[in-house]
Structure formats: structure tokens, C-alpha cells
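Could you have a look at this structure, given as C-alpha cells, before my questions?
Residue numbers begin at 1 in each chain, while the letters A, B, ... track the order of the sequences.
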There are 2 protein chains.
Amino acid sequence: MRTTDQQAAALGTRERIVRTTARLLQRQGYEGTGIKQIAREAGATLGSVYHFFPGGKQELAVAAIQHGDQEFAELLREGLAAEDDPAEAIAGCTRLLAAALRESGWAEGCPVTATALETLGTSADIQRACGAAFGHWSELVAEKLRTAGLAEEDARALAITVINTLEGAETTAQVLRSEEPLLLAGRHLAMLVHAHRQGAP
Amino acid sequence: MRTTDQQAAALGTRERIVRTTARLLQRQGYEGTGIKQIAREAGATLGSVYHFFPGGKQELAVAAIQHGDQEFAELLREGLAAEDDPAEAIAGCTRLLAAALRESGWAEGCPVTATALETLGTSADIQRACGAAFGHWSELVAEKLRTAGLAEEDARALAITVINTLEGAETTAQVLRSEEPLLLAGRHLAMLVHAHRQGAP
DNA sequence: TATCGGATAGAGCGCTCGTTCTAGATCTGT
DNA sequence: ACAGATCTAGAACGAGCGCTCTATCCGATA
């Protein structure tokens, strides 16, 4: 097919817009990010943005959130696979997050939190996408915990807290411009996992 | 003093503006909240807002963050004082937070997170105020843990994770419109505190 | 070669933003 | 009673918002 080039170019522009939006939402939130800014920084024009996302800013935000969802999931997968022991693996994830956060100049934290909080009363679509992201991430952790022998329900519950703690620690790390909250989270979550493996829930 | 009435009225307007701003920041974030909306909902006028906060939106946001800081600290103090055992006390705090969140229709979560994330690169003053709030809250938790016999450094570190977990769980609870993340956080944080009291750090 | 739909381009719409500015209202100290 | 802060009131400004609209470009098919 000769259409490949055209489609590749099309995907190229669309993908550039989504990635740029994801990064800007992560850094400035939903209301703080303008569509014109997105077009400018993505090297696209307003026409292209509305061509690919006729639903406007909300549709674009949903796509960006889903992109961030997958990106963060990939980081989690890598971190969790790096160690057999789930406690060590989770602590490893906090180190990955801390390093990435510092390298971005403390600007690029959780890809969905800021947008989620701002748009809670505004857009049900965005809220759904954010909720789905949390679900995907905690499912990855839960699977790791199950593999290590935790009971189904314990694994599910603990995984939710793991994701929540990572999220909160990442936010605090950004505000304080320090890796400490994330590294402490890693240490404490490891203890919590150990407590589950040894004894009562 | 006859000035009392005037000052009271002045404080009245100022206080109304601050409280309204705090509530709106909590619900809509920084960029999503307009000064005209604040004035309208506070029953004040633009002139009054700029009279009391000549520094404009940023100065107003700092005052609102500090108000939210104290409000949340008061809730923490109450929750922590309600039980002797720090693990039970922290779990009690999660129940207080869950109830308050649900009563607000899942709209009023952590009073600083949304604003903090949005203004990270924008205003150093706001960032400082948010960082100070986290510090105050974790210090309250640390004090409770110290009273229960934890070593100074353990108490400080664990308190930071407690606040981070509460924060993350509150965010997730808002997005999912469910108390579960907060209640799970309470259960797991209680386990974590017990682990510290019984054995190694 | 003629045609046609996907993609690009950006001027312009109505609106709201944060802020400034001038006037008037209200109360205090003398 | 008068002067002078303090506080209230809201019109007006330039800038930027999300979005619509028309015009053009370009590669693929017939």
C-alpha cells in the first residue's frame, strides 16, 4: 500500500499531539494548558488538532490520559519484573520514579493526578479515563503480589494502597523537590508487603 | 474600642473571601478558579478582593492554602486525639476523611494537592505554602508516633508516608467516588505502625 | 490527467481572564 | 462637624481562551 506513508504521517501528527498534550497536562494541569499551546509545541496547527480530535479539548485530554496510563504502566511493569521479591520490586519502582522525577526537574509527576482533580466535576469522560488508569496500575501490582503467594483479596487491597502511596509520595516529592518521600514510600511499602507474607492480613 | 465593629466587618469580608477561595481551589484547582467567581460566591466585589489582597490571585491563593492547611490540621488533631493507640488513631482519621469526602459529594478532597500540582512551575510562594502544609501535617502524625514510643527518626519517616498515603488515597477516592481507597489506607497504615512498634524499623 | 477525501493552515468569533482605575460609601479621631 | 482612612463598587482594558470556518495542499485512485 502506498497509503502507508500518508498514514504514518497522519499517525505521526496525531501521536505528536497526544504526547505533547500528555506532557503538558502532567506539568500544568487541564485548565492551565491551552489548545493553541499544544498545537504550537507539537508542531501542528489548530486545524490538525480539531481534525484528529473533533471532540475538542476533552477528547484530547482523554487520549492524553490514556497515553499517560500506558506509559506509567510500562514503567511499573519494568520495575516489578526487575526483582522476584515483590517487596523489593516495589521499592525498586519508587527508585525509578524518583530518578525520573528528578531528571525532569521535578516537573513530570503522575500523568493523571493533576488533570483528574481539576476536572472532577467537569467531564465524566476524563474522570473515567483517570479511574481506569488507577485500576490498570493497581492490577499490575496485584498480579505481582498474587504470584508471590498472597491471597487474592489481600493482593487486590494491598495493591490499591501501593498505588495510592506512590501517587501521594510523588506529589509530595514534586512539591518539596526531594526524592525522600518516594524513597521512604518504597521502604515502608516493602515492610507492608513483608508483613502480609509472614502473618495475618 | 469602637474599631471593633469595623475590624470585625473587615475581617468578616476578608475571611469570607479566604474561605471561598479555599473551597474553590479544593474543588476546581488554581487555573479553574477565577477571581470574579471568588468575589461573586463570597458576596464581595472585585474592589474588596484587591483591597485585601493587592498581590492578586497568587497572594489570595497562598492565604487560601494556609487556611486549608489549618483546617486539615485541625481534623488530624481531632482524629489523632480520639484514640491512644496511634495505629487505631490513624485508621480513625481515614474514616473521618472518607465521611467528609462523601458528604461533600466527592468534591472536597485535600485542600492543597490540586493547586500544588498546577502551580509547581508558576509560583514559588504557593509551592512553599503547600510544602509547609505537608510539613505541619506530618509533624502532627510524627508527634503521635513519638508519644507511642517510636524512635525519633522512625516516627518522622513513617509520618511522612502516612500523610502521603492519605493524600493519594483521598485523590483516588474522589476519582472513583468510593470510600474504599481511604479505608484500605487506614487498615494498611495501622499494620505498618504495628510493624514498627513490634520489631525492626 | 482529473478528481476527491484526508490533512494542514490560520484568521476570526464571542467570551472570560487577571488586573487597574476612579468614585462613592462608611466609619474614626479630633 | 469635619478630615482622613478604610472599605466597597464595578466599568474598562488588553490578552488569551476554546472553537468554527473557509481555503488550500497533497497523494491515491480511476
Expressed in angstrom and rounded to an integer, what is the separation of B:Phe52 atom CZ from D:dT6 atom C1'?
->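 Value for this atom pair: 8 Å.
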
Between D:dC17 atom P and A:Lys57 atom NZ, what is the distance in whole Å?
->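 Distance, rounded to whole Å: 9 Å.
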
Distance test, side-chain N/O of B:His51 to OP1/OP2 of D:dC7, below 4.0 Å |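 True: B:His51 side-chain N/O within range (under 4.0 Å) of D:dC7 OP1/OP2.
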
Tell me yes or no: between the side chains of A:Gln28 and A:Thr33, is some donor less than 3.5 Å from an acceptor?
->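 A:Gln28 vs A:Thr33: donor-acceptor pair found between side chains.
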
Using only heavy-atom distances, determine whether the side chains of A:Gln37 and A:Glu41 contain a donor-acceptor pair under 3.5 Å.
->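 Their side chains do contain a donor-acceptor pair, which is all the 3.5 Å distance test asks for.
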
Write down the distance between CZ (A:Arg16) and P (C:dA7), rounded to a whole number of angstrom.
->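 After rounding, the reported distance stands at 13 Å.
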
Round to a whole Å and report the spacing from CD of B:Glu59 to P of C:dT19.
->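 Rounded to the whole Å, the gap is 11 Å.
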
When you check the side-chain N and O atoms of B:Asn164 and A:Thr172, is any donor under 3.5 Å from an acceptor?
->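 Judged by distance alone, the side chains do pair up.
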
Salt bridge or not for A:Glu143 and A:Arg156, using N-O below 4.0 Å?
->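 A salt bridge is absent here (no side-chain N lies under 4.0 Å from a carboxylate O).
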
Answer yes or no: is there an ion pair linking B:Arg77 with B:Glu74, defined by an N-O contact shorter than 4.0 Å?
->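 Yes, B:Arg77 and B:Glu74 are salt-bridged.
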
Provide, to the nearest angstrom, the distance between the CZ atom belonging to A:Arg14 and the P atom belonging to C:dT8.
->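 Spelled out: CZ on A:Arg14 to P on C:dT8 is 12 Å.
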
Considering only side-chain heavy atoms of A:Lys36, which listed nucleotide, C:dA7, D:dC19, C:dG18, is closest?
->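 Out of C:dA7, D:dC19, C:dG18, the nucleotide with an atom closest to A:Lys36's side chain is D:dC19.
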
In whole angstroms, how far is the P atom of D:dC17 from the OH atom of A:Tyr30?
->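 After rounding, the reported distance stands at 14 Å.
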
Contacting residues from residues 40-50 of chain A, given that a heavy atom lies under 4.0 angstrom of DNA chain D |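 Heavy-atom contacts with DNA chain D come from A:Leu46, A:Tyr50.
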
Less than 6.0 Å separating the ring centroids of B:His188 and A:His196?
->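 Yes: the rings meet the under 6.0 Å criterion.
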
If you take all heavy atoms of B:Tyr30 and B:Ala61, which pair is closest and at what distance?
->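 Closest heavy-atom pair between B:Tyr30 and B:Ala61: CE1-CB, 3.6 Å.
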
A:Ile17 CD1 - C:dT8 C1' separation (whole Å) |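 Interatomic distance, CD1 of A:Ile17 to C1' of C:dT8: 10 Å.
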
Nearest-Å distance, CD1 (B:Ile35) to C1' (D:dG10)?
->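 Going from B:Ile35 (CD1) to D:dG10 (C1'), I get 15 Å.
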
Between C:dT8 and A:Thr13, is there an OP1 or OP2 to side-chain N/O distance shorter than 4.0 Å?
->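 Yes, A:Thr13 has a side-chain N/O under 4.0 Å of OP1/OP2 on C:dT8.
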
